[in-house]
Amino acid sequence: MTLPDTLQTSFKTVLSYRIRSLLIVLAMALGVASVIVLTALSDGARNYVINQFSSIGTNLLVVLPGRAETAGSFLGSVLGQTPRDLTLKDAQLLGRLPQVKRYAPLNIGAAELSAANRLREVTVLGSNANLIPIRHMKLAQGNFLPHGTERSAQIVLGAKIANEFFPRSQAIGQRVRLGDNRFLVSGVLAPQGESMGFNTDEIVIIPIDYAQTMFNTTSLFRILVEAKNHSEIESAKQAILAALKQSHDGEDDTTVITQDAVLATFDRILHALTLAVGGIAAISLIVAGILVMNVMLVAVNQRTAEIGLLKAIGATSVDIRRLFFAEAIWLSLAGAFLGFLLGELGSGLIRFAYPQLPAWAPAWASIAGIGVALATGILASLFPASRAARLDAVNALGKR
Amino acid sequence: MIRLTAVTRTFHMGDQAIHALNNIDLHIASGEYVSIMGPSGSGKSTLLNIIGLLDRPDSGSYELDNRLITDLSETEQARIRREKIGFVFQSFHLIPRLTAAENIELPLILSGIAPEQRQVRVHAALQAFELTQRANHRPAELSGGQRQRVAIARATVMRPGVILADEPTGNLDHQIGAEVMSLLENLHRSGTTLIVVTHDRELGARAHRQIGMRDGNIFADRSDDAA
Ligand SMILES: Nc1ncnc2c1ncn2[C@@H]1O[C@H](COP(=O)(O)OP(=O)(O)OP(=O)(O)O)[C@@H](O)[C@H]1O
Ligand SMILES: [Mg+2]
């Protein structure tokens, strides 16, 4: 029997057992599709988080007071030492490090904003002019503390707040009251929406000195630092730690988080999640493989007389084995192909429904899904096919 | 030419040995028309299966066309079945999901014959057995006689030298049975060796050589002088 004839004959057989074939193909297809859709979702979530996190800055380092959990902090708390606060002086120190391009001290608080007969509570960021470029925020209009105006009472309004307070008129140049102080609106942020759970459309930004006075504090919440370039992030981190240690009397009481390290951690965790989700979905493929095996075994039983006949008219065991094997290959191929289409369709629908989520299945997942489907289908048919091939012709013919 | 020498075939059912064939010696020349008769369980089908290479003797030797078959490989035996032997069964053994034409085509496919040539030969076979009208019908849509005609067409489409028929009329009424027999006899007339197992004395008597079996032995072997 020639190979094309084997393929064609088994293809016709697959077609003639329509319902049986449809069910197997469906089981296979759903397995492949779920691998693709689930990994697309999970990888989409990974990319979403990574993008969000990348969008908050470039070569960013965050300095915060207190030592992250290490033996040192334990010792420190046992000895009754409280970590020293970060101060503006510390921030200026960092600005002089060669690896640092720019820095922005940060204080956060809440205050009442009033103007034009309106009043509402807003989140207040106190910082310097660098905050806006470091944090990748964009000004729709105006500016914030340009050179020479560092100590003037300027305020930048988030897009939504500007719109709320000055729906009809130009916000720039308006006077507003924040807490007990008067500010001059110098800029309006471009709408950015939610980023890392923080809505920049509903904040206001004022100079750090005013913020510290308003909140009656000398300590900083964070210092944001931008390294000169990507390769200097690590050395910047070391330099920052060393500089702060020196200024804090040799005490290691600050923590520096690099955006890179956080990104890498997220990436690793979410990648592992994608793998796990893909693996779980792949189990359904193995279940489909067992289904193929069962159905093929039933087929061998059902078609025993036919196998006997084929032998009587001159089929070799190899012919029979190949016929059944080819049947399983057709079923698995159809299942894998349909599953791929369904999976792509499914992830396309997800992207359509959630445009922010880049739900593309990674290539490895699609290839692995299809590969596992083909492999289990083929492996599962080996045993039934060889069982068919080994059937004794006379006994097989005797069966009806 | 078929030559069996001291062929035995024993089946074991539990601890009981059934001697289906008991030291059989048999020579059938090319072109003979032989009927095999005997009570149920006498070994007729077993004999036919061994001649048709579906079964192997436990001992003894089998020569077909001067070639010792007994120790050929499985693949070689399948090739001989394909090219030299045509089987016709009592229950037709057509594949239900295939049409008449496709059933007839099967041996040609197994032999690796090219599709265009297959079409020509299937067409000729359909015509020879007056099945052209039924070419695209499935077995379920055919009468018993038509089914057996399809089976005979399938058995002969490779133009084998030997036709083995195991009670070919067993599932047919008398008149249709007689028609099927005359189709087989036509084949014999064109030179094919024809071996028919039957319970029907009248049909058996039409063969030029009649073999009687009992308990795995050949107890009668009569040739018509008229032949
Ligand atoms: N596969 C088998 N296993 C066990 N015993 C078998 C087998 N095939 C045949 N036999 C036994 O061998 C003997 C001969 O069987 P065989 O089928 O050749 O008889 P037969 O002459 O064709 O009978 P019938 O006229 O009923 O078809 C019987 O006793 C049968 O039970
Ligand atoms: Mg019998």
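Just so it is clear: chains get the letters A, B, ... in the order the sequence lines come, proteins before strands, and each one is counted from 1. Quick caveat, the model's predicted, so the values are computed rather than measured.
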Query raised in the report: Does atom NE2 of B:His123 have more than 12 heavy-atom neighbours from other groups under 6.0 Å away?
Result: no

Query raised in the report: Does atom CZ of A:Arg322 have more than 12 heavy-atom neighbours from other groups under 6.0 Å away?
Result: no

Report task. Specify the closest pair of heavy atoms between A:Asp5 and B:Ile113, including all atoms of both residues, with the distance to one decimal. Result -> OD2-O, 4.3 Å

Report task. Might you work through the side-chain contact (heavy atoms from CB on, under 4.5 Å) test for A:Thr316 and B:Arg82, ending with a clear yes or no? Result -> CA-CA 10 Å; A:Thr316 61; B:Arg82 219 153 50 212; 4.1 Å; yes

Query raised in the report: Rounded to the nearest 0.5 Å, what separation is found between the CD1 atom of B:Ile95 and the CD1 atom of A:Ile313?
Result: 6.5 Å

Query raised in the report: At their closest point, which heavy atom of B:Phe89 faces which heavy atom of A:Ala312, and how far apart are they?
Result: CZ-CB, 3.9 Å

Query raised in the report: To the nearest 0.5 Å, how far apart are CG in B:Leu98 and CD in A:Glu306?
Result: 7.0 Å

**Report entry** Nearest heavy atoms of B:Ala78 and A:Ala315, plus distance in Å
**Finding:** CB-O, 4.0 Å

**Report entry** A:Leu309 versus chain B, the contacting section by heavy-atom distance below 4.5 Å
**Finding:** side chain

Report task. Sort A:Thr9 into side chain, backbone, both or neither according to what part of it lies under 4.5 angstrom from a heavy atom of chain B. Result -> side chain

Query raised in the report: Is it the side chain or the backbone of B:Glu102 that comes within 4.5 Å of chain A heavy atoms, both, or neither?
Result: side chain

**Report entry** Rounded distance (nearest 0.5 Å) linking atom CG of B:Asp166 with atom CG of A:Leu397
**Finding:** 10.0 Å

**Report entry** B:Thr75/A:Val318 under side-chain contact (heavy atoms from CB on, under 4.5 Å): CA gap, chis, key distance, verdict
**Finding:** CA-CA 8 Å; B:Thr75 322; A:Val318 176; 5.9 Å; no

Report task. Inspect the surroundings of CZ in B:Phe11 and state if more than 12 heavy atoms from other residues, nucleotides or ligands are less than 6.0 Å away. Result -> yes

Query raised in the report: Salt-bridged, A:Asp392 to B:Arg56, with N to O below 4.0 Å?
Result: no

Query - When A:Ala393, A:Gly308, A:Ser317 are compared by non-hydrogen pairs under 4.5 Å with chain B, the top option - result: A:Ser317

Requested in this report: Starting at CG of A:Leu15, measure out to CZ of B:Arg97 and round the result to the nearest 0.5 Å.
Outcome: 11.0 Å

Requested in this report: Verify the neighbour count for atom CD of B:Glu130: are there more than 12 heavy atoms of other residues, nucleotides or ligands below 6.0 Å?
Outcome: no

Requested in this report: Flag yes if more than 12 heavy atoms outside A:Phe337 fall under 6.0 Å of its CZ atom; otherwise flag no.
Outcome: no

Query raised in the report: Rounded to the nearest 0.5 Å, how far does CG of B:Leu110 lie from CG of A:Leu323?
Result: 8.0 Å

**Report entry** CE-CD1 distance between A:Met1 and B:Ile109, expressed to the nearest 0.5 angstrom
**Finding:** 5.5 Å

